[in-house]
Amino acid sequence: MAYKVPDLPYPYDALEPHISEEIMRIHHDKHHQAYVDKANAALAGTQWEDVRPKEMLKRLDELPEDLRGVVRNNAGGQYNHCMFWRSMSPDGGGKPPEDSRLAQAIKDTFKTFGLFKETLTAAAMSQFGSGWAWLVHDGSRVLIVTTSNQDNPITDGLEPLLGIDVWEHAYYLQYENRRAEYVEAWFNVINWDTVMQRYEDAPVPDVSDILLRPVSISGTERAFGTITIDDARTQAAELKALAGWGPMARVGTVARGWSDLAQTLAKRNAQTVADLEPGIVLASAIELWVVPPERSMV
Ligand SMILES: [Fe+2]
C-alpha cells in the first residue's frame with residue numbers, strides 16, 4: 001500500500017494571516033508530495049512496502065543500509081508532515097485548558113505556559129538549517145527536543161506531541177528569513193485538542209507491579225498504590241525523626257521524598273498513589289526506593 005498525501009483538514013487559506021495560502025499550497029502539494037513519491041519509489045517491491053511510516057522510523061536500524069537514508073528522509077517527511085497538518089487549525093492558538101492533563105504536564109516541566117513557549121521558540125530558532133522543534137513525551141514527562149532534516153524523535157524512543165517545521169519551505173515565501181516571526185505566528189494556529197489527544201495516547205510505563213509493592217507505614221505493611229496524603233506525611237515525619245543518625249544519614253533524603261509525594265498527591269487532588277499518572281508513580285517509587293533505582297522507563 002503506497003503512501004499518500006492526505007487532504008488538509010481545512011482549506012488552503014484557512015490559516016491566514018498566520019500562514020499564507022501560497023505557502024500551504026506549495027508545502028502540501030509539492031514538498032509533501034515529493035517525500036511521498038520518493039518514499040514510494042524506494043519502498044516499492046521491498047518487504048517494507050506495507051510498514052507504516054511511524055513503525056519504520058522506530059526500526060530504522062533494521063533497514064538495509066541502501067534503504068535507510070532514503071526512508072529516514074522520506075518516510076520521515078511523510079510522517080512529520082501528516083502530523084504537522086493536523087497540529088494546526090484555523091480555530092487553534094491560545095493554550096491547552098488549565099485543568100487538562102497536558103497543561104499540568106507542561107507546568108511540571110516548564111513552570112508556566114509562557115516559559116514553555118519561550119523554550120520551544122528558542123529551540124526552533126536554534127535548529128541550524130533545516131529541521132524541526134518538538135514537544136515530546138518520554139514516558140514520564142514532556143520535554144522539548146530538536147531534530148535535523150526529516151528526523152523524528154520517535155527514532156530515539158520519544159513520542160512526538162507537537163512539532164514545528166523550520167525548513168525554509170515552511171515560511172520563506174511569507175516571512176523570508178524572519179524565522180522568529182513565523183514561529184510567533186505559528187503559535188496562533190496550534191491545534192491544542194489534537195496535541196492533548198496525542199498526550200493521552202502517548203505510551204506510559206506499566207506500573208501495575210509497582211502499585212502492589214509493599215511499603216511499611218508505622219509498622220503496617222501496605223501496597224504502594226494505596227498510600228494516601230496522610231500516609232505519606234506520617235512516613236515523612238517518622239523518617240525525619242530518624243534522619244542524621246550516622247548510618248541513617250540518607251534517610252533524610254527519603255523523608256523529603258515522602259514529603260514531595262504528599263505534596264504531589266495534594267496538588268493533583270489524588271486520593272491515593274494509584275490515582276497518579278504512571279510516570280509520576282515510577283519516579284516516586286524510584287526516589288523512595290520502593291523499586292531499585294536502576295529500573296528503566298517504559
Ligand atoms: Fe515541510
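What you see is a predicted model; the values in this text were computed from it and never measured. In listed order, ligands and their atoms are each counted from 1. In what follows, residues are counted from 1 in the order of the sequence shown. Any value given below was found using the heavy atoms of this structure, including those in side chains, with hydrogens, waters and symmetry copies removed.
- Among the backbone and side-chain atoms of His81, an N, O or S atom lies under 2.8 Å from the Fe ion (ligand 1).
- Without hydrogens or angle criteria, Asn74 side chain to Val70 main chain gives a donor-acceptor distance under 3.5 Å.
- The main-chain N or O of Gly131 is never found under 3.5 Å from a side-chain atom of Asn149 such that the two would form a donor-acceptor pair.
- Asp165 has its closest N, O or S atom to the Fe ion (ligand 1) at the position named OD2.
- Taking the six-membered ring for Trp and the full ring otherwise, the centers of His169 and His81 sit less than 6.0 Å from each other.
- For the Fe ion (ligand 1), the N/O/S atoms of His27 include one lying under 2.8 Å.
- Annotation: Arg222, atom CZ; neighbour count of heavy atoms from other residues, nucleotides and ligands within 6.0 Å is above 12.
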